[in-house]
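Notes follow the structure.
In what follows, every heavy atom counts, from backbone to side chain, and hydrogens, waters and symmetry copies are set aside. Letters go in sequence order (proteins before strands), and every chain restarts at 1.
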2 protein chains.
Amino acid sequence: MSRIAQTPEPPYYAVIAPAELATDIEGYAETAAKLLAIAPTQPGFLGIETCLEHGFSMAVSYWQSLDAIDGWRRRAEHLAAKGMARTKWFRGYVTRIAKVERVY
Amino acid sequence: MSRIAQTPEPPYYAVIAPAELATDIEGYAETAAKLLAIAPTQPGFLGIETCLEHGFSMAVSYWQSLDAIDGWRRRAEHLAAKGMARTKWFRGYVTRIAKVERVY
């Protein structure tokens, strides 16, 4: 299976989430796997690409609308994943919301 | 130094480039390093985040405008990097151009 998301024609939205990981990331893989498993069940989900290096991770997920992104963010927070990440797993992170306009 | 790009307030543009790598990627690291080195000298460059896993890479670069992205694409092509990538290093890739609207 391709790790490149099979997305529809633009426009759609992207959530670009790079993160610098802490040294102790116990539990991170399990929570990340859980989030990856439930994302496709979320309304408006179009696809996700993830990459993990030593000390650094990137995830870009794709969504039909800003409302779909808000719904996903709320659900992810309910899982406590973000709270854990902020305090334990991540040394730094940022979330960028972008509108995909063109695809080559 | 942080691997998370220190970008200005939005709006600005992102080039999201996931790629599935071939088994033989000889020369890939050198060309990738060269592209990473010259990107900051390109007009309109704001930052870049990259991640490399076995068999998969992701790069998200940030730019002031679509014109800046066009300039970068032309320069990268002049380096023959894309041509090499298409035929040798990449099993599959896609390039998404997106307008960053919000950052958390």
Side-chain angles (χ1 to χ4, degrees), chain A residues 1-22 29 32 46-63 65-67 69-70 72-74 76-77 82 85-86 90-104, chain B residues 1-22 29 32 46-63 65-67 69-70 72-74 76-77 82 85-86 90-104:
Chain A
M1 191 182 128
S2 175
R3 289 185 57 180
I4 297 175
Q6 307 301 305
T7 43
E9 287 296 303
Y12 51 85
Y13 286 86
V15 178
I16 306 166
E20 294 189 294
L21 304 178
L46 297 178
I48 190 167
E49 291 147 357
T50 63
C51 190
L52 177 64
E53 258 187 33
H54 182 71
F56 189 67
S57 72
M58 288 183 71
V60 183
S61 58
Y62 302 102
W63 302 88
S65 66
L66 292 175
D67 280 350
I69 291 171
D70 286 341
W72 167 243
R73 286 171 63 89
R74 281 195 299 272
E77 284 173 2
K82 275 190 75 169
R86 276 186 185 141
F90 290 172
R91 291 196 297 126
Y93 72 95
V94 65
T95 304
R96 306 179 207 268
I97 312 293
K99 184 178 188 178
V100 178
E101 297 180 346
R102 289 193 267 168
V103 176
Y104 302 99
Chain B
M1 191 182 127
S2 175
R3 289 185 57 181
I4 298 175
Q6 307 302 306
T7 42
E9 287 295 303
Y12 52 86
Y13 285 86
V15 178
I16 305 166
E20 294 189 295
L21 304 178
L46 298 177
I48 190 167
E49 290 148 357
T50 63
C51 189
L52 177 64
E53 259 187 33
H54 182 72
F56 189 67
S57 71
M58 289 183 72
V60 183
S61 57
Y62 302 101
W63 302 87
S65 67
L66 293 174
D67 280 350
I69 291 171
D70 287 340
W72 167 243
R73 286 171 63 89
R74 281 194 299 272
E77 284 173 2
K82 275 190 76 169
R86 276 185 185 143
F90 291 171
R91 291 196 298 124
Y93 72 95
V94 66
T95 304
R96 306 179 207 267
I97 312 293
K99 185 178 188 177
V100 178
E101 298 179 347
R102 289 193 269 168
V103 176
Y104 302 99

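Between Tyr93(B) and Ile4(A) the shortest heavy-atom distance is CA-CD1, 3.5 Å. Nearest heavy-atom pair, Ala98(B) versus Val100(A), reported as atom, atom and distance to 0.1 Å: CB-CA, 3.7 Å.
When each of Gly92(B), Pro18(B), Ala19(B) is scored by its heavy-atom pairs under 4.5 Å with chain A, the top score falls to Pro18(B).
Here Pro11(A) pairs with Lys99(A) under the side chain to side chain contact (heavy atoms under 4.5 Å, CB included) rule; sequence neighbours left out.
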Using residues 47-55 of chain A as the side-chain source, report each donor-acceptor pair under 3.5 Å to any protein atom, sequence neighbours left out, with the distance given to one decimal.
{"from": "Glu49(A)", "atom 1": "OE1", "to": "Tyr62(A)", "atom 2": "OH", "distance (Å)": "2.7"}
{"from": "Glu49(A)", "atom 1": "OE2", "to": "Ala5(A)", "atom 2": "N", "distance (Å)": "2.9"}
{"from": "Glu49(A)", "atom 1": "OE2", "to": "Arg96(B)", "atom 2": "NH2", "distance (Å)": "2.8"}
{"from": "Glu53(A)", "atom 1": "OE1", "to": "Arg3(B)", "atom 2": "NH1", "distance (Å)": "2.8"}
{"from": "Glu53(A)", "atom 1": "OE1", "to": "Arg3(B)", "atom 2": "NH2", "distance (Å)": "3.1"}
{"from": "Glu53(A)", "atom 1": "OE2", "to": "Leu52(B)", "atom 2": "N", "distance (Å)": "2.6"}

Start with the C-alpha gap between Val103(A) and Val94(B), add the side-chain angles, then the distance that decides, and say whether side chain to side chain contact (heavy atoms under 4.5 Å, CB included) holds. CA-CA 7 Å; Val103(A) 176; Val94(B) 66; 3.3 Å; yes
